[in-house]
Participant: 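What follows is a structure written as structure tokens; I'll ask about it next.
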Amino acid sequence: QSVLTQPPSVSGAPGQRVTISCTGSSSNIGAGYDVHWYQQLPGTAPKLLIYGNSNRPSGVPDRFSGSKSGTSASLAITGLQAEDEADYYCQSYDSSLSGHAVFGGGTQLTVL
Amino acid sequence: QITLKESGPTLVKPTQTLTLTCTFSGFSLSTSGVGVGWIRQPPGKALEWLALIYWDDDKRYSPSLKSRLTITKDTSKNQVVLTMTNMDPVDTATYYCASRGYDILTGYYRVPYFDYWGQGTLVTVSS
């Protein structure tokens, strides 16, 4: 189990808004460490979606947004599209692990 | 244009050592701030960060795998090599290499993120 907890799955109808949470603790997100998000379409490598909590790389639609508060972070997707069906991962750092990066357990998004 | 590509064996036997090479283009590991990391993903499971090497040869490892991992770089060849000893069937996974992200306005983040990824290489551990 990762120190960053994500719901295993979320779903929504086309056009709807969904959010994916990434819950941490005082040794990671709560300590002020940045959170990054990745999208992984079936059978492909992960793609950077959000960095530094809320920044979108060039080419990522503004339907995707990120936020952070306290010991949690969230990824919001508005105007849900069929092509958004994928796995989503949050990533940050945990000071108690003496490592350098940690991923959440991932969330599978289903577009109904 | 930044590209990365992993190469190495597709099948290794238990107890053997795995050696993977990441060959990249479009950036240099001699440039200040640059880093290349390795991440793996067992079939149907989540991503797991393994290791990261920086331009100044600073190396970071996943605490749970640190005793088994070694990451090195060859700047002249634009390559990063990851070795993992004592392979076990649970190490069966797709292994990715990825470059450390950089923001043109704010520079490098203290918590590295990965902006460019290789296609990944599936390594199966079986006798």
Participant: Where does A/Tyr89 contact chain B at under 4.5 Å (heavy atoms): side chain, backbone, both or neither?
Facilitator: side chain
Participant: Do A/Leu75 and A/Tyr33 land in one hydrophobic cluster if side-chain heavy atoms of ILVMFWY residues count as linked below 4.5 Å?
Facilitator: no
Participant: If I measure from the heavy atoms of chain B, does A/Ser2 come under 4.5 Å with its side chain, its backbone, both, or neither?
Facilitator: neither
Participant: So A/Tyr38 and B/Trp117, would you call those rings parallel, tilted or perpendicular, with 30° and 60° as cut-offs?
Facilitator: perpendicular
Participant: Out of A/Ala45, A/Pro46, A/Ser92, return the one with the most heavy atom pairs under 4.5 angstrom to chain B.
Facilitator: A/Pro46
Participant: Using non-hydrogen atoms only, which part of A/Gln40 is less than 4.5 Å away from chain B: side chain, backbone, both, or neither?
Facilitator: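 Contact with chain B: side chain only.
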Participant: Supply the atom-to-atom distance A/Tyr51 OH to B/Asp115 CG, rounded to the nearest 0.5 angstrom.
Facilitator: 9.5 Å
Participant: Is the shortest heavy-atom distance from the side chain of B/Glu48 to the side chain of A/Phe103 under 4.5 Å?
Facilitator: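 They are not in contact (no side-chain heavy atoms under 4.5 Å apart), so the answer is no.
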Participant: Should A/Tyr93 and A/Ile29 be regarded as members of a common hydrophobic cluster, given that ILVMFWY residues are connected when their side-chain heavy atoms come within less than 4.5 Å of each other, either directly or indirectly?
Facilitator: no
Participant: Given side chains that start at C-beta, do those of B/Phe114 and A/Lys47 come closer than 4.5 Å, heavy atoms only?
Facilitator: no
Participant: Indicate if B/Trp55 and B/Leu52 have the same hydrophobic cluster label, given that clusters are the connected sets of ILVMFWY residues with side-chain heavy-atom separations under 4.5 angstrom.
Facilitator: yes
Participant: Can you tell me which of B/Gly120, B/Pro112, B/Gly118 forms the most heavy-atom pairs within a distance under 4.5 Å of chain A?
Facilitator: B/Pro112
Participant: Against chain A, label B/Leu50 side chain, backbone, both or neither, depending on which of its atoms sit under 4.5 Å from a heavy atom there.
Facilitator: neither
Participant: Between CG of B/Leu47 and CD of A/Gln91, what distance do you get to the nearest 0.5 Å?
Facilitator: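 It is 9.5 Å, given to the nearest 0.5 Å.
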Participant: Rounded to the nearest 0.5 Å, what separates atom CG in A/Asp87 from atom NZ in B/Lys45?
Facilitator: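 So the CG of A/Asp87 and the NZ of B/Lys45 are separated by 14.5 Å.
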Participant: Going by atom types only, do B/Tyr109 and A/Asn55 share a side-chain donor-acceptor pair under 3.5 Å?
Facilitator: yes
Participant: Test of understanding: clusters of I, L, V, M, F, W, Y form through side-chain heavy atoms closer than 4.5 Å, transitively. Do B/Val81 and B/Leu4 belong to the same one?
Facilitator: no
Participant: Transitively linked via ILVMFWY side-chain contacts under 4.5 Å: B/Ile53 with A/Val102?
Facilitator: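 No, B/Ile53 does not connect to A/Val102 through the hydrophobic network.
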Participant: Look up atom OH in B/Tyr116 and atom CG in A/Leu48, then write down how far apart they are to the nearest 0.5 Å.
Facilitator: 9.5 Å
Participant: If you compare all heavy atoms of B/Ala46 against all heavy atoms of A/Gly105, which two are closest, and at what distance to 0.1 Å?
Facilitator: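 The answer is CB-O, 3.4 Å.
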Participant: Tell me whether A/His36 contacts the main-chain N or O of B/Val111 through its side chain, where contact means a donor paired with an acceptor under 3.5 Å.
Facilitator: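 Judged by distance alone, yes, a pair lies under 3.5 Å.
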